[in-house]
Amino acid sequence: MASVTRLLHIQSPSCTSIYPRRSPGLDNSQHHIAGGVKGNFIHMRIVGLTGGIASGKSTVSDLFRSSGVPVVDADIVARDVVRKGTPGLRKVAIAFGDDILLENGEINRSRLGQIVFSDPAKRQLLNRLLAPHISSSIFWEIVKLWVKGCKVILLDIPLLFEAKMDRWMDPIIVVWINPEAQLQRLMVRDGISEEEARTRLIPRLHWTGRRQKLTLSLIILVQLRIREHSFRRC
Ligand SMILES: CC(C)(COP(=O)(O)OP(=O)(O)OC[C@H]1O[C@@H](n2cnc3c(N)ncnc32)[C@H](O)[C@@H]1O)[C@@H](O)C(=O)NCCC(=O)NCCS
Ligand SMILES: Nc1ncnc2c1ncn2[C@@H]1O[C@H](COP(=O)(O)OP(=O)(O)OP(=O)(O)O)[C@@H](O)[C@H]1O
């Protein structure tokens, strides 16, 4: 999997501290030239990964992870901001009622999913309530990785364009599959009916209008790797 990082022109995806290390024979200015705070900051690349539900984003992010690239997963962040006792969960419970809570006070994801995936207005409401929490958590995750001195990270975020985060990322990888295959994968993975799966195939901002933002070589690479992955699974 070194090919992913090689294609991105990344020499070493691993993280090293940005704080200058004391070593004999180098004064502070030399530490900076040798890769101190400024150099690491400038060279941190954020690769964006997006695509529809069950398109295969996690499969692609695993390829990066296995190359040593740290991954920030927006779905995990989105779960953290509605944990029991968080301001995010309080806002959602006020807006959607206690019906979306389990008996133990945690969020009933499947119930909330049924509500928002079948009603665009409610989905927008949920997005509006959670977006500030999700964005700020993602920001702090990125800062933590920057402090560690990471040269490249991957941000896996389904609503990348909707959240207007594309301007911070280069390159951007869109994972795309044929909608019928996507439907099948979703039904099998989540064990849901075709009717329910269809409600989750939400029309998204049109990728092709943003083609200039995408890196063709990476899309091809990802398709090839996914195909290779499929062969390995057979
Ligand atoms: C509605 C919720 C409770 C359903 O939870 P569930 O565990 O069933 O699904 P999960 O969170 O794993 O999401 C699965 C996939 O659904 C799609 N999806 C999730 N939320 C949205 C949304 N608001 N709009 C469009 N697609 C979405 C994404 O492709 C995501 O990868 C949950 O998705 C949620 O809280 N969504 C709102 C937060 C959000 O915007 N998440 C996306 C991260 S940017
Ligand atoms: N190349 C492939 N061939 C066959 N099945 C695949 C392939 N890639 C992924 N899958 C399967 O498709 C399903 C969806 O993939 P995955 O979970 O990676 O999608 P995702 O985009 O991360 O989903 P979500 O949007 O829900 O987070 C999974 O069951 C996965 O095992």
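Counting starts at 1 for both ligands and their atoms, in listed order. Predicted model only: the values in this text are computed from it and were never measured.
Looking at heavy atoms from C-beta onward, P171 lies in side-chain contact with R45 at the 4.5 angstrom threshold.
Applying the 4.0 Å criterion to heavy atoms of R123 picks out, from ligand 1, the atoms 23 (N), 24 (N). Atoms of ligand 2 found under 4.0 Å from any heavy atom of G52, numbered from 1 in the order shown, are 21 (O), 25 (O). With ligand atoms numbered from 1 in the order given, ligand 2 contributes 25 (O), 26 (O) to contacts under 4.0 Å with heavy atoms of I53. Listed by number with element, the atoms of ligand 2 under 4.0 Å from a non-hydrogen atom of A54 are 14 (C), 19 (O), 20 (P), 21 (O), 23 (O), 24 (P), 25 (O), 26 (O). Atoms of ligand 2 lying under 4.0 Å from any heavy atom of G56, numbered from 1 in the order shown and given with element: 15 (O), 16 (P), 18 (O), 19 (O), 20 (P), 21 (O). Residue-ligand proximity, D75 to ligand 2, at heavy-atom distances under 4.0 Å covers atoms 27 (O).
Which of I138, L201, D75 comes nearest to atom 43 (C) of ligand 1 through a heavy atom is settled by distance: it is D75. Compare R109, H133, K122, R111 by their heavy atoms: the one nearest to atom 32 (C) of ligand 1 is in R109. Compare I134, V92, L186, I192 by their heavy atoms: the one nearest to atom 38 (C) of ligand 1 is in I134.
Heavy atoms of I53 found under 4.0 angstrom from ligand 1 belong to the backbone as well as the side chain. When non-hydrogen atoms are compared, ligand 2 lies under 4.0 Å from neither the backbone nor the side chain of V175. Of all the heavy atoms of V77, none lies under 4.0 Å from any atom of ligand 1, so neither backbone nor side chain is involved.
Heavy-atom separations between E162 and ligand 1 are all 4.0 Å or longer.
Checked by atom type and distance alone, the side chain of R200 never pairs as donor or acceptor with a backbone atom of F117 at under 3.5 Å.
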